[in-house]
Amino acid sequence: MSEAENRPTNFIRQIIDTDLSSGKHNSVQTRFPPEPNGFLHIGHAKAICLNFGIAQDYKGLCNLRFDDTNPEKEDIDYVHAIKKDVAWLGFEWAGDIHYSSEYFDKLHGFAVELIEKGLAYVCFLNGEETREYRGTLNKPGKNSPYRDTSVEENLALFEKMKNGECQEGECSLRAKIDMSSSFMCLRDPIIYRVRFAHHHQTGDKWCIYPMYDFTHCLSDAIEGITHSICTLEFQDNRRLYDWVIDNVSVASRPHQYEFSRLNLEYTLMSKRKLNTLVEEKLVDGWDDPRMPTIAAFRRRGYTPASLREFAKRIGVTKMENTVEMSVLEACIREDLNDNAPRVMAVLDPIKLVIENYAEGKTEALTVKNHPSDESQGSRIVPFSGELYIEAEDFREEANKKYKRLVIDKAVRLRGAYVVTATRCDKDEEGNVTTVYCTYNEDTLGKNPTDGTKPKGVIHWVDVQKSLTATVRLFDRLFTVPNPAAETDLQSVMNPESLIVIEKAKVEPSLANAKAEQAFQFERQGYFCLDNDIQNAGDLVFNRTVGLRDTWAKTAK
RNA sequence: AGGGAUAUAGCCAAGCGGUAAGGCAGCGGGUUUUGAUCCCGUCAUUCAGAGGUUCAAAUCCUCUUAUCCCUGCCA
């Protein structure tokens, strides 16, 4: 398949194809415009892949522009986090990073232009009055009493606003459009408000800040954006977007297109609500691996490629949608199945003693890192007569469906020998603590000579040489598919979303694990070393995703 | 005196007047030193509903229904 055939197709790309072939545009310029008021989540990843992906495929450019017009809610820390996330996802923005705030001078000039044209006025209605005058969905609004102030006076008033002579909320600059429009955003929208706030980019230079609807379209025009892609809730705003562009003297003429935002089952996808989880300490920060943020997925072990693949699989349309978790999980499993080296770790250890193994003997077994990809090589795994195995991999007796260790039955120790259980010890509560077995010395790398072949394979680690590690198992944060519909989030949080295993036993090769490096713990799932380890040398592994488990399903 | 959008399988999603792609999930089977992977098979006589145009309609027309968005000096 050629590269072009492998590209995603969607209605926005079709529009671009049309614009290019009709000569409306000769090149494509997009932009990703986050507000630095929180961390990016997987819904943003969809938008990032869309905008940067289009730029890549059409040999155009995509800007990264911080939409920073509301200093009270924004923070420079978010700017840094967002830059890191976009780069980590594998995209390169065109030239320098942009900020809407870098256009504040130009924007001010355009506002003055509107006033001069009689298309904007300073309004002294307070918040409540402004709302009353706006009317409702079924009732037209009323003109503001300040609507017919002269151009000269408006110019002077706006200058006073800019010079800090007006109080916050005392007045605002409004576009003069149509108080009876069926588009609420066209009922004389406020385009500048007074805020005596320190801005992370412009400092204390301004005490008036432009609103989104005035800023975004003009920033697009200033940057020469051809296709300004945003989400569905801005469809009505497009009328205001066009009005501003058409009534101000900017050179270029960008167009806005809207697609539906991503909803993911069992997760929240609104920065405001995610912020609530962080603020109320319902999670451990924006990058808590249970969060749907890009930083959290990174920490959990998702790869950039898997997130890009996910964006590709879900597509881009104008349909409301809620994607199942299984789609995302399939993407990361596909990547890690190919690329994560296999390793052994026992999460709930019990001892396995091989009674016919020579006292004090040890071996260094060579085990393949990947079952089918020879290029991933092999590693040395220490073996001895005392091992740890998974508690759930042993039963004193079981039916034929249970393919693990059972007394008087044989099982293969992964990469090692076939063993047959003989008896076990239990503690006072009846839990098995030690299993005794015998091994068949002639089964290393081959089946028993008597023609039998154990039906099960279990993983293990050496008691002496294994390392103790902390392993964190994550599950969905919420118990309901659509937590956004809940009024009380706390009541639908999954109490088992995080399970910490303090004393897991892992093979010694893991001592060299690097942060975020992916491994498959055989028969269990994909894990990576946490990227926020408190003490050097500590081993803390996060479970990215479990292996597909058809056994667990049939066992139910 | 409301307006703007959207309806194709359990969940996503192609389709653009010529007889319903693909993915995820599911189901059945095979291989396997991971109950993983991989492989094979299966999964919409029908496109929200009802009319109409046409030799031919998911695609065009009419009406109806359902859902989402819009009344921040947020974005």
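No hydrogens, no waters, no symmetry mates; every other heavy atom, side chains included, goes into these values. In what follows, every chain begins at residue 1, and chains take the letters A, B, ... in the order their sequences are listed.
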Ion pair present between [X] and [Y], side-chain N to carboxylate O less than 4.0 angstrom?
X	Y	answer
A:Arg313	A:Glu334	yes
A:Arg379	A:Glu507	yes
A:Arg13	A:Asp17	no
A:Asp462	A:Lys505	no
A:Arg193	A:Glu168	no
A:Arg134	A:Asp188	no

Considering only the [atom1] atoms, how many Å lie between [N] and [M], rounded to the nearest integer?
N	M	atom1	result
B:U54	B:C24	C1'	38 Å
B:C40	B:A48	C1'	36 Å
B:A36	B:A5	C1'	44 Å
B:C38	B:A44	P	24 Å
B:U53	B:C70	P	41 Å
B:A57	B:G52	P	12 Å
B:U59	B:A1	C1'	34 Å
B:U65	B:G51	C1'	14 Å

In this structure, how many angstroms lie between the [atom2] atom of [N] and the [atom1] atom of [X], rounded?
X	N	atom1	atom2	value
A:Phe259	B:A5	CZ	C1'	15 Å
A:Asn369	B:U37	CG	C1'	16 Å
A:Arg404	B:U34	CZ	C1'	11 Å
A:Arg543	B:A36	CZ	C1'	14 Å
A:Ile314	B:A14	CD1	P	11 Å
A:Glu390	B:G35	CD	C1'	14 Å
A:Asp373	B:A36	CG	C1'	16 Å
A:Asp335	B:U37	CG	P	15 Å

I need a per-nucleotide contact map over nucleotides 22-28 of chain B, read 5' to 3'. Cutoff is protein heavy atoms under 4.0 Å; write B for the base, S for backbone only, - otherwise.
-SSSS--
At under 4.0 Å between heavy atoms, how does the protein contact nucleotides 65-75 of chain B? Give one character per nucleotide, 5' to 3', with B, S or -.
---SSBBSBSB
For [N], the Watson-Crick or wobble partner whose two distances fall under 3.5 Å:
N	result
B:G2	B:C70
B:C38	B:G30
B:A21	none
B:A57	none

Across the strands shown, which category fits [X] at heavy-atom distances under 4.0 angstrom: base, sugar-phosphate, nothing?
X	answer
A:Glu258	nothing
A:Gly415	base
A:Val316	sugar-phosphate
A:Ser181	nothing
A:Gly445	base
A:Lys271	nothing
A:Lys446	base
A:Tyr133	nothing
A:Asn138	base

What nucleotide among [options] has an atom nearest to a side-chain atom of [X]?
X	options	result
A:Thr317	B:A14, B:G2, B:A5	B:A14
A:Lys403	B:C12, B:G2, B:G35	B:G35
A:Arg412	B:U33, B:A13, B:G15	B:U33

A:Glu441 atom CD, over 12 foreign heavy atoms within 6.0 Å
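Counting other residues, nucleotides and ligands, CD of A:Glu441 stays at 12 neighbours or fewer.
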Decide yes or no for A:Ile82 and A:Phe66: does some side-chain heavy atom of the first lie under 4.5 Å from some side-chain heavy atom of the second?
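Side-chain contact under 4.5 Å: yes.
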Does A:Tyr212 reach the side chain of A:Phe234, with side-chain heavy atoms less than 4.5 Å apart?
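Side-chain contact under 4.5 Å: yes.
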Between A:Asn321 and A:Pro371, name the one whose nearest nucleotide on RNA chain B is closer to the 5' end.
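The residue whose closest nucleotide sits nearer the 5' end is A:Asn321.
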Give the ring-plane orientation class for A:His44 versus A:Phe32, where under 30° counts as parallel, over 60° as perpendicular and anything between as tilted.
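Correct class here is perpendicular.
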Aromatic ring pairing A:Trp206/A:His108, orientation class (parallel under 30°, perpendicular over 60°, tilted between):
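Rings of A:Trp206 and A:His108: tilted, as their planes differ by 30° to 60°.
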Under 4.0 Å from OP1 or OP2 of B:G15: is there any side-chain N or O of A:Gln14 that close?
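For B:G15, OP1 or OP2 has a side-chain N or O of A:Gln14 closer than 4.0 Å.
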Can you tell me if the side-chain N/O atoms of A:Thr550 get under 4.0 Å from OP1 or OP2 in B:A36?
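For B:A36, OP1/OP2 do have a side-chain N/O of A:Thr550 under 4.0 Å.
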If the glycosidic angle is within 90 degrees of 0 it's syn, otherwise anti, so just tell me which one B:G23 is.
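Anti, which is what one calls it when the glycosidic angle falls more than 90° from 0.
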So which of A:Arg412, A:Arg404, A:Lys409, A:Arg414 actually passes salt bridge (Lys or Arg N to Asp or Glu O under 4.0 Å) with A:Asp393?
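By the salt bridge (Lys or Arg N to Asp or Glu O under 4.0 Å) criterion, A:Asp393 pairs with just one of A:Arg412, A:Arg404, A:Lys409, A:Arg414: A:Arg404.
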Could one point to a donor on the side chain of A:Gln524 or the base of B:U34 with an acceptor on the other under 3.5 Å away?
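A donor-acceptor contact between them is absent.
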Got a donor-acceptor pair under 3.5 Å from the side chain of A:Arg238 to the base of B:G4?
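No such pair is found, so the answer is no.
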Okay, side chain of A:Asp68, backbone of A:Ser100: is any donor-acceptor separation there less than 3.5 Å?
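Yes.
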